[in-house]
Trainee: 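Pasting a structure here, questions to come.
All values reported here derive from a predicted model rather than from experimental measurement.
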Amino acid sequence: MKKILLIIGLLVSSLGYSQQEIKLDIADALVIRSLEFSYENYISAENSFGVSALFNLAKQDASFRYNENTMITPYFRHYFTSEAQWNFFGEAFVGINSGKKESVEDSGNYDLKYTDGALGIAVGTKYSSEGGLIIDVYAGVGRNLFGTDSPVLVPRVGVNVGWRF
């Protein structure tokens, strides 16, 4: 019963401010053959939380690709301006990522599979039209914390296009 009340409370509180966004990272889709979808929910005019899901579609032997095959990224954003169409923000994120890292040893080449968690920060800007169109551009970096086989740094770069409802 407590779990049901908690879920209902979270749903009602998340709809209280009623500004939510869904977005697609078009830069990832066009440049490096990956899909990244995002959902963002505003707590207030200056603060929001969201989650991104990245799925890498490029083959492992591609000349340029993210190391991560998948990455789920919950994030918190603080907007420094809230009344203009262009708003600047800072972001803190946690990235749960998994992929393969190529390793070369005496026995030959092989791929090491890893899953790790990263903490990081990013900065960016967001355009919001009155009709609901959203465009945001951001860049940042995180550091993997737990695995020895995972890359040390995790990039967080994107150009999102979406809709506010």
Side-chain angles (χ1 to χ4, degrees), residues 14 17 19-102 111-147 149-165:
S14 71
Y17 191 69
Q19 284 193 353
Q20 301 172 31
E21 298 172 359
I22 54 171
K23 300 176 273 195
L24 172 66
D25 189 339
I26 60 168
D28 281 354
L30 296 175
V31 175
I32 61 171
R33 291 184 33 119
S34 65
L35 292 176
E36 184 174 2
F37 301 99
S38 298
Y39 167 79
E40 189 172 348
N41 187 357
Y42 284 79
I43 303 167
S44 67
E46 294 88 21
N47 297 308
S48 68
F49 67 89
V51 64
S52 295
L54 172 94
F55 304 98
N56 198 339
L57 304 175
K59 295 185 181 196
Q60 193 70 29
D61 60 351
S63 61
F64 178 73
R65 75 183 297 272
Y66 281 147
N67 289 322
E68 297 80 26
N69 289 335
T70 59
M71 185 166 173
I72 306 296
T73 310
Y75 59 86
F76 173 82
R77 287 184 177 171
H78 176 75
Y79 291 90
F80 300 110
T81 56
S82 61
E83 300 301 320
Q85 281 188 321
W86 285 96
N87 296 312
F88 297 100
F89 62 84
E91 174 184 292
F93 67 89
V94 176
I96 298 121
N97 57 85
S98 64
K100 292 180 183 176
K101 183 178 177 184
E102 192 172 305
D111 292 332
L112 298 170
K113 291 183 180 181
Y114 69 88
T115 300
D116 207 342
L119 286 176
I121 57 172
V123 294
T125 185
K126 178 185 283 189
Y127 170 78
S128 304
S129 75
E130 290 183 19
L133 175 69
I134 300 296
I135 299 172
D136 65 22
V137 179
Y138 58 89
V141 67
R143 185 178 196 293
N144 277 325
L145 301 173
F146 306 110
D149 296 331
S150 60
V152 175
L153 298 178
V154 176
R156 178 129 168 91
V157 179
V159 178
N160 289 328
V161 174
W163 194 259
R164 179 178 288 174
F165 54 95

Trainee: Shortest non-hydrogen contact from Gln19 to Asn41?
Mentor: O-OD1, 3.5 Å
Trainee: Applying salt bridge (charged side-chain N to carboxylate O under 4.0 Å, His left out), can you list everything that pairs with Asp136, at least two apart in sequence or on another chain?
Mentor: Lys23, Arg77
Trainee: Residues two or more places apart in sequence or in another chain: which of them pass ring pair (Phe, Tyr, Trp, His ring centres under 6.0 Å) with Tyr114?
Mentor: none
Trainee: Under 6.0 Å between ring centres, would you say that holds for Tyr75 and Tyr138?
Mentor: no
Trainee: Would you mind reporting whether Arg143 and Leu119 have side-chain heavy atoms less than 4.5 Å apart?
Mentor: no
Trainee: Mind listing the closest non-hydrogen atom pair of Arg164 and Ser128 along with its distance?
Mentor: NH2-OG, 3.5 Å
Trainee: Would you compute the distance between atom CE of Met71 and atom CZ of Arg156 and round it to the nearest 0.5 angstrom?
Mentor: 7.0 Å
Trainee: Taking the ring centre of each residue, are Phe76 and Phe49 less than 6.0 Å apart?
Mentor: no
Trainee: So, using side-chain contact (heavy atoms from CB on, under 4.5 Å) as the criterion, who are the partners of Ser98 when residues are at least two apart?
Mentor: Thr70, Thr115
Trainee: Calculate, to the nearest 0.5 Å, the distance between atoms CZ and OG1 belonging to Phe89 and Thr81 respectively.
Mentor: 10.5 Å
Trainee: Flag the pair Asp28 / Val157 as yes when at least one side-chain heavy-atom distance between them is below 4.5 Å, and no otherwise.
Mentor: no
Trainee: So, for Thr73 and Gly95, which heavy atoms are closest and what is the spacing to 0.1 Å?
Mentor: OG1-CA, 4.2 Å
Trainee: Would you say that more than 12 heavy atoms from the other residues, nucleotides or ligands in this model lie under 6.0 Å from the CD of Glu130, or not?
Mentor: no
Trainee: Rounded at 0.5 Å granularity, tell me how far OG in Ser48 sits from CD1 in Ile43.
Mentor: 7.0 Å
Trainee: Any side-chain heavy atom of Ile134 within less than 4.5 Å of one from Asn160?
Mentor: no
Trainee: If I compare all heavy atoms of Trp86 with all of Thr125, which pair ends up nearest, and what's the gap?
Mentor: CE3-OG1, 3.5 Å
Trainee: Sequence neighbours left out, what passes ring pair (Phe, Tyr, Trp, His ring centres under 6.0 Å) with Phe37? Give chain and number order.
Mentor: none
Trainee: Please round to the nearest 0.5 Å and tell me the distance separating atom CG of Leu35 and atom CD1 of Ile26.
Mentor: 12.5 Å
Trainee: For the side chain to side chain donor-acceptor pair (under 3.5 Å) test, which of Trp163, Tyr39, Tyr42 pairs with Glu21?
Mentor: Tyr42
Trainee: Please name all residues satisfying side-chain hydrogen bond (donor to acceptor under 3.5 Å, both in side chains) with Asp25, sequence neighbours left out, ordered by chain then number.
Mentor: none
Trainee: Take Val161 and Leu133 through the test side chain to side chain contact (heavy atoms under 4.5 Å, CB included) and record every step on the way to the result.
Mentor: CA-CA 7 Å; Val161 174; Leu133 175 69; 4.2 Å; yes
Trainee: Check the surroundings of atom CD1 in Ile96: do more than 12 heavy atoms from other residues, nucleotides or ligands lie under 6.0 Å from it?
Mentor: yes
Trainee: Does Glu68 have any salt bridge (charged side-chain N to carboxylate O under 4.0 Å, His left out) partners at least two apart in sequence or in another chain, and if so, which?
Mentor: none
Trainee: Ser52 versus Phe93: any side-chain heavy-atom pair under 4.5 Å?
Mentor: no
Trainee: Please give me the minimum heavy-atom distance between Asn56 and Ser34, naming the atom from each residue.
Mentor: CA-CB, 3.7 Å
Trainee: Is there a donor-acceptor contact under 3.5 Å from the side chain of Asp116 to the main chain of Asn97?
Mentor: no
Trainee: So, for Asn69 and Lys100, which heavy atoms are closest and what is the spacing to 0.1 Å?
Mentor: ND2-N, 3.9 Å
Trainee: Got more than 12 heavy atoms from elsewhere within 6.0 Å of CZ, Phe80?
Mentor: yes
